[in-house]
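Here's the structure we're looking at; comments come further down.
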Number of protein chains: 2
Amino acid sequence: MINQIVQMASTTEENYLKALFNLANERGEVNISELANQLEVSMPTANSMVKTLQKAGSCIYEKYKPVVLTPKGKKEAALIVRKHRLTEMFLVTKMGFGWEEVHEIAEQVEHIHASKFFERMDEMMGYPTVDPHGSPIPDKQGRIQDLQFKSLSEAKPGQEVILAALSDSSTEFLEYLNSRKLTLGTELKIISKEAFDQSIVVSFLDSEKETLSQKVCEKLLVKIFESKDSSQ
Amino acid sequence: MINQIVQMASTTEENYLKALFNLANERGEVNISELANQLEVSMPTANSMVKTLQKAGSCIYEKYKPVVLTPKGKKEAALIVRKHRLTEMFLVTKMGFGWEEVHEIAEQVEHIHASKFFERMDEMMGYPTVDPHGSPIPDKQGRIQDLQFKSLSEAKPGQEVILAALSDSSTEFLEYLNSRKLTLGTELKIISKEAFDQSIVVSFLDSEKETLSQKVCEKLLVKIFESKDSSQ
DNA sequence: GTATATTGTTAGATTATTCTAACAAATTTA
DNA sequence: TAAATTTGTTAGAATAATCTAACAATATAC
Ligand SMILES: [Mn+2]
Ligand SMILES: [Mn+2]
Ligand SMILES: [Mn+2]
Ligand SMILES: [Mn+2]
């Protein structure tokens with residue numbers, strides 16, 4: 001057969017591919033229950049879709065084994081993530097949305113099939129490399145760079161860091177950060193760390209001073225750019 | 001039953017609603033074969049979807065009779081058209097697309113459920129009332145104004161007109177207009193009209209002179225803004 | 001190491017959207 | 001008006017995406 005047309009992935013399939021991609025990056029192996037949980041479908045539904053994706057050559061799956069994306073599936077997923085993150089960045093930088101408002105919209109816009117639309121966004125923004133939450137934007141070939149930030153919970157008193165990304169971009173967490181005026185790029189100086197509960201006192205924006213719980217610190221990814229005292 | 005949730009129209013249903021709305025505006029009555037033809041589906045498919053839309057309260061349908069949108073269906077359709085036309089205008093005025101490139105993208109973007117996204121577009125553009133092809137943009141209540149332009153084929157020699165809208169926005173026609181540098185807002189002076197084939201010679205942009213076939217003239221909607229000689 | 005809990009699978013059903021085939025109604029042509 | 005054409009309907013089937021119920025395999029806890 002010469003004229004076999006390769007069917008485009010449906011919106012549903014695209015969401016599964018993206019979920020597999022994101023879960024694999026966050027947790028390593030992806031099993032059916034995690035996938036079902038992430039997409040809020042039943043396990044039989046996830047099971048059945050994984051078989052469909054395997055038939056399409058996007059993943060490998062053996063009964064009772066974790067699901068693994070093929071290079072093809074990984075690229076498909078990365079290109080959807082690219083559209084998602086370009087959209088989020090466009091909404092924030094060109095349309096005035098807050099970083100807590102853009103995920104839901106991008107969840108829909110990422111399924112638009114119009115490469116010129118996203119190329120134009122990219123061009124208008126000057127080819128950004130990260131989204132509004134600090135996550136890297138895959139390139140047109142689906143390659144994604146590993147930014148290797150440290151969690152703020154690993155920082156030591158005396159160190160100065162820059163808030164570079166988040167490991168949680170939920171609306172609730174973003175709204176918490178808004179209420180503290182914590183934005184990406186903020187310089188934080190670690191004043192002290194409480195041994196009992198691992199909470200950290202930081203100063204930032206010249207005068208402000210805040211106590212951040214361990215829960216929060218874990219979700220803040222930072223670049224450690226200067227160390228005045230790393231003895232403790 | 002107090003807690004009956006009213007299901008949102010699917011993308012498919014939205015496309016049917018829009019087709020019914022557009023066909024009704026262009027041709028008056030809408031029958032199943034026109035609808036099927038417009039959406040490139042079989043007649044049984046269109047027939048079945050019309051029954052579905054009736055169950056949802058969006059249209060009225062009796063066997064062998066034309067399909068009629070209810071006020072509810074008309075509003076639903078108009079709000080999708082609003083999203084479509086706002087998107088087209090945004091793509092042209094804010095993202096640098098040509099008027100011949102935007103329809104296909106808008107056909108997808110119109111199905112995004114995020115009112116703030118479209119409100120923001122609207123605001124950024126200063127609340128435009130027409131799309132890049134001169135078609136009116138329905139307001140937030142789904143009301144649409146009737147602009148009542150005349151076709152250029154009705155204009156008489158000596159008259160001066162402004163190109164205000166198109167009754168055909170196909171890529172092919174738009175590319176034809178591009179090749180002639182005919183854009184909305186262009187002032188045209190009707191030099192003469194050939195009785196044999198109804199073609200019209202116009203002058204515009206100071207020096208240019210063009211012969212436009214009847215076929216083209218019919219698709220050009222104009223505002224007649226001055227009449228130096230309407231005797232013929 | 002058995003019992004319990006969790007995870008995964010299969011089977012079978014449902015809803016949405018589409019098709020083709022066959023037939024019926026309505027309209028147009030002759 | 002009768003024949004031919006077009007338009008519309010019904011029936012029946014297919015595919016995609018989902019579910020619940022029942023059972024099976026794997027992992028965890030005691
Ligand atoms: Mn996101
Ligand atoms: Mn999505
Ligand atoms: Mn359009
Ligand atoms: Mn559409």
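To find a chain, count down the sequence lines: A is the first, B the second, and so on, and within it residues start at 1.
- Checked by atom type and distance alone, the side chain of A:Lys83 pairs as donor or acceptor with a backbone atom of A:Ile112 at under 3.5 Å.
- In this view, B:Asp139 and B:Arg143 satisfy the side chain to side chain donor-acceptor pair (under 3.5 Å) rule, not counting sequence neighbours.
- Between B:Arg85 and B:Glu110 there is no salt bridge, since none of the side-chain N atoms of the basic residue sits less than 4.0 Å from a carboxylate O of the acidic one.
- Not one N or O on the side chain of B:Arg82 forms a donor-acceptor pair closer than 3.5 Å with the backbone of B:Ile137.
- Regarding contacts with the backbone of D:dA17, every side-chain N or O of A:Thr45 stays at 4.0 angstrom or more from both OP1 and OP2.
- Atom CD in A:Glu13 sits about 12 Å away from atom C1' in D:dT15, given to the nearest Å.
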TODO: Go through the steps for A:Val102 and B:Phe117 under the test side-chain contact (heavy atoms from CB on, under 4.5 Å), then give the verdict.
DONE: CA-CA 9 Å; A:Val102 297; B:Phe117 181 48; over 6 Å; no
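- Residue A:Ser42 places none of its side-chain N or O atoms closer than 4.0 Å to OP1 or OP2 of D:dT18.
- Rounded to an integer number of Å, the gap from CG of B:Asn37 to C1' of D:dT7 is 12 Å.
- Using a 4.0 Å heavy-atom cutoff across all strands shown, B:Thr12 reaches sugar-phosphate atoms only and no base atom.
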Open item on the list: Generate the contact string for nucleotides 3-10 of chain C. Rules: B means base contact, S means sugar-phosphate contact only, - means no protein heavy atom under 4.0 Å.
Closed with: ----SBBB
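- A:Gln108 places no side-chain N or O within donor-acceptor distance of the main-chain N or O of A:Ile105, the cut-off being under 3.5 Å.
- If you measure from atom CD of B:Glu14 to atom C1' of C:dA16, you get 15 Å, rounded to the nearest angstrom.
- The residues B:Asp122 and B:Lys140 are annotated as not salt-bridged, no charged nitrogen and carboxylate oxygen being separated by less than 4.0 angstrom.
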- [ ] Would you check, one step at a time, whether the test side-chain contact (heavy atoms from CB on, under 4.5 Å) holds for A:Tyr61 with A:Leu53?
- [x] CA-CA 9 Å; A:Tyr61 180 57; A:Leu53 291 175; over 6 Å; no
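- Rounded to whole Å, the distance from CE on A:Met8 to C1' on D:dA16 is 15 Å.
- As judged by a 4.0 angstrom heavy-atom cut-off over every strand, A:Ser48 is placed among the base-contacting residues.
- Side chain of B:Gln198 to backbone of B:Ala195: a donor-acceptor contact under 3.5 angstrom is found.
- Distance, A:Asn15 CG to D:dA16 C1': 15 Å, rounded to whole Å.
- Near-neighbour residues of DNA chain C inside residues 17-25 of chain A, defined by a heavy atom below 4.0 Å, are absent.
- In this structure, A:Tyr16 does not reach the D:dA16 phosphate: none of its side-chain N or O atoms is under 4.0 Å from OP1 or OP2.
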